Engineer: 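Below is a structure I'd like to ask you about.
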Amino acid sequence: MIVVNLDVMMAKRKMSLSQLSEKVDVTLANLSILKNNKAKAVRFSTLEAICAALDCQPGDILEFVPDEEPPP
């Protein structure tokens with residue numbers, strides 16, 4: 001599963017969702033979907049704009065969390 005840590009980076013940069021929305025020209029609704037791990041996909045151009053606005057790398061925002069396998 002891919003987890004979006006957008007809220008963590010925004011907190012580190014002391015940036016609100018509305019401020020980020022203005023900087024990256026993405027609606028609050030779409031950023032909220034991304035922030036709350038409800039997004040099914042993200043465009044590279046959007047990820048690039050978010051990384052530029054937050055001065056971070058994609059790996060700072062996106063995290064792979066393996067599904068737990070049931071015990072044998």
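None of the values given here were measured: they were computed from a predicted structure.
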Engineer: Evaluate the side-chain contact (heavy atoms from CB on, under 4.5 Å) criterion for residues C56 and R13: first the C-alpha distance (whole Å), next the side-chain angles of each, then the deciding distance (0.1 Å), finally the verdict.
Structural biologist: CA-CA 10 Å; C56 67; R13 302 297 189 251; 4.2 Å; yes
Engineer: About how many Å separate NZ of K38 and CG of N30, when rounded to the nearest 0.5 Å?
Structural biologist: 15.0 Å
Engineer: Is the side chain of Q19 donor-acceptor paired with the backbone N or O of S16 at a distance under 3.5 Å, no angle test?
Structural biologist: yes
Engineer: Say you draw a straight line from CE of M9 to CD1 of I50; how long is it, rounded to the nearest 0.5 Å?
Structural biologist: 11.5 Å
Engineer: Any side-chain heavy atom of E48 within less than 4.5 Å of one from P58?
Structural biologist: no
Engineer: Is it the case that one hydrophobic cluster holds both M1 and L62, taking links as side-chain heavy atoms less than 4.5 Å apart, direct or via other members?
Structural biologist: no
Engineer: Over all heavy atoms of both residues, which pair between N37 and V4 is shortest? Give the atoms and the distance, please.
Structural biologist: OD1-N, 2.6 Å
Engineer: Start with the C-alpha distance between M15 and K23, add both sets of side-chain angles, then the distance that settles side-chain contact (heavy atoms from CB on, under 4.5 Å), and finish with yes or no.
Structural biologist: CA-CA 10 Å; M15 188 177 295; K23 285 186 176 233; 3.8 Å; yes
Engineer: Answer yes or no: is there a donor N or O on one side and an acceptor on the other, between the side chain of N36 and the main chain of I33, under 3.5 Å?
Structural biologist: no
Engineer: Please report the shortest heavy-atom distance between L20 and A53, naming the atom on each side.
Structural biologist: CD1-CB, 3.7 Å
Engineer: Is there side-chain contact between N5 and I61, with heavy atoms separated by less than 4.5 Å?
Structural biologist: no
Engineer: Tell me, do L6 and L54 make a side-chain contact under 4.5 Å, heavy atoms counted?
Structural biologist: yes
Engineer: Mind listing the closest non-hydrogen atom pair of L17 and L31 along with its distance?
Structural biologist: CD1-CB, 3.7 Å
Engineer: Are V42 and V3 grouped together when hydrophobic residues (ILVMFWY) are joined by side-chain heavy atoms under 4.5 angstrom apart?
Structural biologist: no
Engineer: Find out if a path of hydrophobic residues (ILVMFWY) with successive side-chain heavy-atom gaps under 4.5 Å connects V65 to V8.
Structural biologist: no
Engineer: On a heavy-atom basis, which atom in L34 and which in A39 lie closest, and how many Å separate them?
Structural biologist: CD1-CB, 3.9 Å
